[in-house]
Amino acid sequence: MAQQAAEGGQRPAGEEQEEVIIVGAGPSGLAAAACLSLRGVPSLVLERDDCVGSLWRNRTYDRVRLHLAKQHCALPHAPHDAAAPTYLPRDDFVRYLEGYASRFGLRVRLRREVREARFDEARGEWVVDAVDLATGKTERYATKHLVAAAGENDEKVVPEVPGLEGFPGKVLHACEYRTAKGMEGKAVLVVGSGNSGMEIAYDLAEAGAVTSIIVRSELHLVTKEIWNLAMTLYGYHLPLWLIDRIVLLMCHVVFGDTSRYGLRRPAIGPFSMKINTPAYPVVDVGTYAKIRTGEIQVLPEMRSVHGNVVEFADGKRRPFDAIVFATGYRSTTKQWLKSDDGLIGEDGMARRSFPEHWKGKNGLYCAGMVRRGLYGSCEDGEFIAEDISSKKKHQTKPDDGHEKKSN
Ligand SMILES: Cc1cc2nc3c(=O)[nH]c(=O)nc-3n(C[C@H](O)[C@H](O)[C@H](O)COP(=O)(O)OP(=O)(O)OC[C@H]3O[C@@H](n4cnc5c(N)ncnc54)[C@H](O)[C@@H]3O)c2cc1C
Ligand SMILES: *[C@@H]1O[C@H](CO)[C@@H](O)[C@H](O)[C@H]1NC(C)=O
């Protein structure tokens, strides 16, 4: 469904007019586009990579699965197949995202990197510059509605460690790690004990690498079954403190006292933590059992690197063959989104908390920027599409001078 570009305006040559521009073809961008499409609002999605769901396809390790049962991980209006596994493997989820884009006939323009989006007060619309990575040419788009859906995890974060540049072995970030191939028998240090770090440590140990993991901060270890129960209880509107109590009790039965193995729990309960802070509990995939048997060693923070030797906060030193930094990501939205009027905070995430987070001024929206996972992608898609379509319905002015309504 090609939208006809504006006719006879004072529009710069080559500029394309769109009703809605969505930046990013991850789950959030696709959900927003589909929700809009179902309300009869056309949109164009601009995506830097050459596929949809690029984070899932290109920046996750092979063994990753969705942490929540499939009914909690479906995008709007497209439940997962009854035959699909309860916890979807990565490749199934990638296929699901591709199917989603084609099922709703979404218009996705690939290999377009948005470099700047700014609100033009005089024209009362957004001007978006995107580079076509195939040709290097800059394309200009104009739009009434802009949806920032470029993800919370766009850029890897690696801490500065003195001496790291002289480390002779392999250094990777979690987003570059696929499998433990080639690591058998090697001494590997995993830095960071979030979900990625704990799972990559398991993957390495399972493959026969001599694995250590740095656990710097407190963490809540849960099982996926316990976590799904918590999500269900949340759905029944149980108070957070009660969900926390139930989760902790069950965790105690399954794991015992995790602090005996260097995994201290935060004072805040696991579900309150998920709802009220940026932190997320760690869903155990078998790492804990390997920590208990000593197959995976828990180490304190790293202080410096000397050749292949890493020195830790407790003064101990050990040689390693490889280091995997599972030290997180940051959003890059602030780099291209200008004049956002406070919708996005300095950290690149939505500044306001749920459910006030998704709508800015002048037709600006953000999707998937408030750390609510795939569930948040769905919510935001529906909120945004409803807002844009109701605005259009009330806008009874027949013509604003430069937009030609078709079909
Ligand atoms: C290893 C790992 C496991 C995870 N597991 C889960 C899980 O089990 N459950 C869960 O709910 N969440 C999980 N998450 C969180 C996950 O990030 C989100 O659920 C989901 O991918 C967010 O979708 P999104 O569309 O907001 O962001 P993304 O998937 O990151 O998509 C953003 C898209 O925007 C594109 N983009 C960025 N900048 C630009 C630009 N300037 N111009 C054009 N395009 C751009 C990117 O290429 C990308 O395709 C996991 C994350 C990681 C890293
Ligand atoms: C992502 O994966 C696709 C499909 O396999 C591939 O064509 C593309 O080059 C990858 N992109 C990056 C940035 O690695």
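Because only heavy atoms are used, hydrogens play no part in the values below, and waters and symmetry mates are left out as well, while side chains stay in. We count ligands from 1, going down the list as the structure has it; atoms in each ligand are counted the same way.
- Relative to the ring axis of Phe119, Lys338 does not place its NZ or CZ within 45° and under 6.0 Å from the centre.
- Closest protein heavy atom to atom 10 (C) of ligand 2: Asn58 ND2, 2.5 Å.
- Between Phe354 and Phe383, the ring planes are tilted. Angles from 30° to 60° get that label.
- Distance CG/Asp132 to CZ/Arg112: 4.0 Å, rounded to 0.5 Å.
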With salt bridge (Lys or Arg N to Asp or Glu O under 4.0 Å) as the criterion, how do Asp347 and Lys334 come out once you've worked through the C-alpha distance, each side chain's angles and the decisive distance to 0.1 Å? CA-CA 8 Å; Asp347 60 356; Lys334 268 296 208 213; over 6 Å; no
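- Proximity annotation for atom 6 (C) of ligand 2: of Leu133, Asp50, Asp49, Leu110, Asp50 comes nearest, heavy atoms only.
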Assess the residue pair Tyr280 and His67 against the criterion (ring pair (Phe, Tyr, Trp, His ring centres under 6.0 Å)); give the C-alpha distance rounded to whole Å, side-chain angles, the decisive distance to 0.1 Å, and a yes or no. CA-CA 11 Å; Tyr280 196 83; His67 282 147; 7.2 Å; no
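- When side chains are defined from C-beta on, Pro76 counts as touching Tyr100, because their heavy atoms get closer than 4.5 Å.
- Summary of contacts: the protein heavy atom closest to atom 5 (O) of ligand 2 is Arg57 NH1, 3.6 Å.
- Ser259 places no side-chain N or O within 3.5 Å of a backbone atom of Gly262 that could act as its donor or acceptor partner.
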Short N or O separations between ligand 1 and the protein, below 3.5 Å:
residue, atom, partner, partner atom, Å
ligand 1, 8 (O), His67, N, 2.9
ligand 1, 11 (O), Leu374, N, 2.8
ligand 1, 17 (O), Asn153, ND2, 2.7
ligand 1, 21 (O), Trp56, NE1, 2.9
ligand 1, 25 (O), Pro27, N, 3.1
ligand 1, 25 (O), Ser28, N, 2.8
ligand 1, 25 (O), Ser28, OG, 3.4
ligand 1, 26 (O), Ser28, OG, 2.6
ligand 1, 38 (N), Arg48, NH2, 3.2
ligand 1, 41 (N), Val114, O, 3.1
ligand 1, 42 (N), Val114, N, 2.9
ligand 1, 44 (N), Arg48, N, 3.1
ligand 1, 47 (O), Glu47, OE2, 2.7
ligand 1, 49 (O), Glu47, OE1, 2.7
ligand 1, 49 (O), Glu47, OE2, 3.1

